[in-house]
Amino acid sequence: MAPPPLPPPDPQFVLRGAQSAVHALHFCEGAQGQGRPLLLSGSLRGLVHIWSLQTWRVVATLNGHGGQCVTWLQTLPQGPQLLSQGRDLKLCVWDLAEGRNAVVDSVLLESVGFCRGSVLAGGPQRWMLAVPGRGSDEVQILEMPSKTSVCSLKPEAQARLGMPMCLQLWQADSSPRPLLLAGYEDGSVALWDVSSRKVCSRVACHTEPVMGLDFDSQEARGVSGSAEKALAVWSLDEQQALQVRGTHVLTNPGIADVKIRPDRRILATAGWDHRVRVFHWRTMKPLAVLAFHSATVHCVAFAADGLLATGSGDQRISVWSLYPCT
């Protein structure tokens, strides 16, 4: 008989100072001269907390969204700048250099939906931003920091995709043309060529809205979760055609977020059933179910060193060390 599987570990640490439900998480590598990464969290009450993973305490609190939920956090690769997106229809650009915590720019958004933005670095001082657009089914692409409108990506009317629910800008190593993966309300995932403003391909992955997706550009494989009880794995061929490769049925419906670890060995999902599920990315073999939180898990994030952070409606952030990076 095979030995029974080992029980999942406890969190390495639990952060309890968010003061409201945690809806966004992001690791900021090597910022402010610290050896370990900082962890950034966005809360239902509109606050962004910056946590030290050396002292496990808040080192700064950013208040730029008027008490409205912070839904997305991202740092820019070219410097200590932070983007925060809130339900106040605003995306703030923060300067975090040398301990500063000031809003240096902002972008007014035109959609109050749940769709988080996405960033593609284009050079030392230039980057591209994708956000939900003016029309309910549109995605707006901006050149930053000039805020110049590059284009608006609007599906054909007969497609009836509904609202964009999640976005990921990326660029193939073999091409300078930026691409956008978008998950839609109708359960489909579409690949856009931003330069030509056309859909390269689209595939029906789910019967419910796509709540989160992540893409492994080295393997040309992606994964998406939705309001239903299944993860979909899909791939992109050399003709830029999307194909569903398989589905993994879950115990309970509802995936709020999905992330592939930077070393592309495991992935984690944030569940409406209060669970975080961990899978082997290549085989999709289930590895662990983390049953620590007592409310919906809204977000998951990986650090470059493999640490996993999970944020929940129970106002807690748990930090886990699972299957160490090799």
Side-chain angles (χ1 to χ4, degrees), residues 13 15 17-20 22-43 45-109 116-131 141-148 150 167-171 178 259 262 299-309 311 317 319:
F13 212 86
L15 306 173
Q19 301 169 351
S20 64
V22 179
H23 282 259
L25 288 170
H26 178 69
F27 282 99
C28 179
E29 304 298 333
Q32 297 184 3
Q34 300 205 19
R36 299 195 76 180
L38 296 173
L39 177 60
L40 312 173
S41 67
S43 75
R45 291 185 180 174
L47 299 178
V48 176
H49 292 102
I50 303 178
W51 304 83
S52 165
L53 298 188
Q54 291 176 319
T55 64
W56 304 102
R57 295 183 184 277
V58 173
V59 295
T61 300
L62 313 181
N63 187 357
H65 290 283
Q68 297 293 307
C69 181
V70 176
T71 57
W72 179 60
L73 296 167
Q74 178 70 46
T75 47
L76 297 179
Q78 64 267 31
Q81 284 190 310
L82 167 68
L83 310 181
S84 64
Q85 178 183 344
R87 296 299 297 276
D88 59 344
L89 297 180
K90 194 163 69 170
L91 187 144
C92 294
V93 183
W94 303 81
D95 178 12
L96 302 183
E98 299 173 356
R100 290 192 291 272
N101 300 309
V103 176
V104 294
D105 204 355
S106 63
V107 178
L108 296 179
L109 306 178
R116 300 163 174 169
S118 181
V119 163
L120 178 66
Q125 299 299 327
R126 291 172 56 243
W127 41 286
M128 187 174 283
L129 173 68
V131 290
I141 307 293
L142 299 173
E143 180 84 37
M144 297 293 288
S146 66
K147 305 184 202 174
T148 304
V150 176
L167 307 171
Q168 186 159 337
L169 280 167
W170 65 285
Q171 202 166 341
K259 288 288 190 303
C299 48
V300 291
F302 281 110
D305 65 1
L307 278 182
L308 168 66
I317 301 165
V319 181

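Being a predicted model, the structure only gives us computed values, none of them experimental. Numbers here simply count residues along the sequence, with the first being 1.
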Residues V22 and S41: closest non-hydrogen pair is CG1-CB, 4.2 Å
Quick one: do L15 and L39 satisfy side chain to side chain contact (heavy atoms under 4.5 Å, CB included)? Show the steps, please.
CA-CA 10 Å; L15 306 173; L39 177 60; 3.9 Å; yes
Please report the interatomic distance CG(L82) to CD1(I50), rounded to the nearest 0.5 Å.
6.5 Å
Please find the pair of heavy atoms, one from S106 and one from K147, that lie closest to each other, and give the distance.
O-NZ, 2.8 Å
Compute whether any side-chain donor of one residue and acceptor of the other, for S43 and H49, lie under 3.5 angstrom apart.
no
Quick one: pull up CZ in F27 and CG in L308 and give me the separation to the nearest 0.5 Å.
7.0 Å
Keeping the roles fixed (side chain from S20, backbone from R45), state whether a donor-acceptor pair exists under 3.5 Å.
yes
Between W94 and V104, which heavy-atom pair has the shortest distance, and what is it?
C-CG2, 4.4 Å
Testing the basics here: between G311 and L25, what is the closest heavy-atom pair and its distance to 0.1 Å?
N-CD1, 3.3 Å
Tightest non-hydrogen contact, residues C28 and L40, listed as CB-CD1, 4.2 Å
Atom CG in L169, atom OG in S118: separation rounded to 0.5 Å?
4.0 Å
Decide yes or no for L83 and V119: does some side-chain heavy atom of the first lie under 4.5 Å from some side-chain heavy atom of the second?
yes
Look up atom CG in L91 and atom OG1 in T71, then write down how far apart they are to the nearest 0.5 Å.
8.5 Å
For the atom pair OG1 (T148) and CD1 (I141), what is the distance rounded to the nearest 0.5 Å?
13.5 Å
Flag side-chain contact, heavy atom, 4.5 Å: L38 against L96
no
Within the 4.5 Å heavy-atom criterion, are L76 and M144 side-chain neighbours or not?
no
Just one of H65, K90, Q74 clears the side-chain hydrogen bond (donor to acceptor under 3.5 Å, both in side chains) bar with S84, so which one?
H65
Where is the tightest heavy-atom contact between G64 and C92, given as atom of each residue plus distance?
O-SG, 3.7 Å
Ignoring hydrogens and angles, tell me if any N or O in the side chain of R126 forms a donor-acceptor pair with the backbone of E143 under 3.5 Å.
no
Less than 4.5 Å apart, side chain to side chain, heavy atoms only: is that true for L62 and V70?
no
Ignoring hydrogens and angles, tell me if any N or O in the side chain of Q171 forms a donor-acceptor pair with the backbone of L120 under 3.5 Å.
no
If you define the side chain from C-beta out and look only at heavy atoms, does anything of W51 sit under 4.5 Å from I317?
yes
Hey, what do you get for CG (L89) to CG (L108), rounding to the nearest 0.5 Å?
8.5 Å
Do C299 and R116 come close enough that some side-chain heavy atom pair is under 4.5 Å?
yes
